[in-house]
Amino acid sequence: QVQLVESGGALVQPGGSLTLSCSGSGFSLDYYAISWYRQAPGEEREGVSCISSTDSDDATHYADSVKGRFTISRNNAKGTVDLLMNSLKPEDTARYYCAAAAYCSVYVHGYEQTYWGQGTDVTVSS
């Protein structure tokens, strides 16, 4: 059974850092473009970042709201796709989801992802 699992969500103070991880069960993340989305209470889901499959040289995309603060990468040792979040702000508070599709164009154009995880909660508060 194909499954995506997010981990790493926590309560963190403003200005702090956090790393989220996305792992795959039943398939390798290497062959998929992996995206991170977030949804705050009462808000619409927002695309955060995407990393292309290893076949596409791991090209990355970021939302303007996180550019320069968040970094998406593949952790080959763990077989995960990680989202390093620095300089966190209260407005980064949300449930963060990872998703998989063939290409990052799905993320860029807002098309439906193939697989979704259940999400992990990030709260930025003092």
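These numbers come from the heavy atoms of this one structure, side chains and all, not from hydrogens, waters or symmetry mates.
- Using a 4.5 Å heavy-atom threshold, the side chains of L88 and S17 count as separate.
- With 3.5 Å as the limit, one finds no donor-acceptor pair spanning the side chains of S73 and D82.
- Within 6.0 Å of the CZ atom in F27, the count of heavy atoms belonging to other residues, nucleotides or ligands exceeds 12.
- Between L20 and T120, the closest side-chain pair of non-hydrogen atoms falls below 4.5 Å.
- Side-chain atoms of R38 and Y96 form a donor-acceptor pair, as typed in the model, at a separation below 3.5 Å.
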Evaluate side chain to side chain contact (heavy atoms under 4.5 Å, CB included) for V124 paired with Q13, printing each intermediate quantity in order.
CA-CA 5 Å; V124 184; Q13 291 188 341; over 6 Å; no
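- Closest of all the heavy-atom pairs between P14 and S126 is CD-N, 3.6 Å.
- With no hydrogens or angles considered, no side-chain donor-acceptor pair links Q118 and Y97 at under 3.5 Å.
- Side-chain contact between V12 and M85 is absent, with no heavy-atom pair separated by less than 4.5 Å.
- Between atom CG of residue L18 and atom CZ of residue F70 there is a gap of 9.0 Å, rounded to the nearest 0.5 Å.
- Closest approach of I34 and I72 over heavy atoms only: O-CD1, 3.7 Å.
- Scored by the side-chain contact (heavy atoms from CB on, under 4.5 Å) test, Y111 finds V106, H109 as partners (sequence neighbours excluded).
- Between the OH atom of Y32 and the OH atom of Y115 there is a distance of 4.0 Å, given to the nearest 0.5 Å.
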Taking it one step at a time, do L29 and L4 satisfy side chain to side chain contact (heavy atoms under 4.5 Å, CB included)?
CA-CA 9 Å; L29 300 186; L4 289 172; 3.6 Å; yes
Stepwise, does the side chain to side chain contact (heavy atoms under 4.5 Å, CB included) test hold for E91 with S65?
CA-CA 10 Å; E91 51 263 44; S65 58; over 6 Å; no
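- Closest approach of K78 and S21 over heavy atoms only: NZ-OG, 3.5 Å.
- One distance of note links CG of L11 with OG1 of T123; it measures 6.0 Å at 0.5 Å rounding.
- Scanning for side-chain contact (heavy atoms from CB on, under 4.5 Å) contacts around D121 gives R95, with sequence neighbours left out.
- Here CD1 of I51 is found 6.5 Å from OG1 of T60. Values are rounded to the nearest 0.5 Å.
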Is there a side chain to side chain contact (heavy atoms under 4.5 Å, CB included) between H61 and Y107 once you walk through the steps?
CA-CA 9 Å; H61 304 263; Y107 160 89; 3.8 Å; yes
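- Note on W116 and V2: separate hydrophobic clusters, where clusters join Ile, Leu, Val, Met, Phe, Trp and Tyr whose side-chain heavy atoms are under 4.5 Å apart, directly or indirectly.
- Using modelled atom types, one finds no donor on one side chain facing an acceptor on the other under 3.5 Å when comparing S23 with Q3.
- No salt bridge links D92 with K89; every basic N to acidic carboxylate O contact stays at or beyond 4.0 Å.
- When all heavy atoms of A33 and Y103 are compared, the pair lying nearest together is CB-C, 3.4 Å.
- The local environment of OH in Y62 is crowded, with over 12 non-hydrogen atoms from other residues, nucleotides or ligands closer than 6.0 Å.
- Here the side chain of T54 pairs a donor or acceptor atom with the backbone of D30 at under 3.5 angstrom.
- Rounded to the nearest 0.5 Å, atoms CD (Q113) and OG (S35) are 4.0 Å apart.
- Side-chain contact check for W36 versus C98: some heavy-atom pair is nearer than 4.5 Å.
- The closest donor-acceptor contact from the side chain of E6 to the backbone of G119 lies under 3.5 Å.
- Note that the CG atom of N75 and the OG1 atom of T19 stand 10.0 Å from one another [nearest 0.5 Å].
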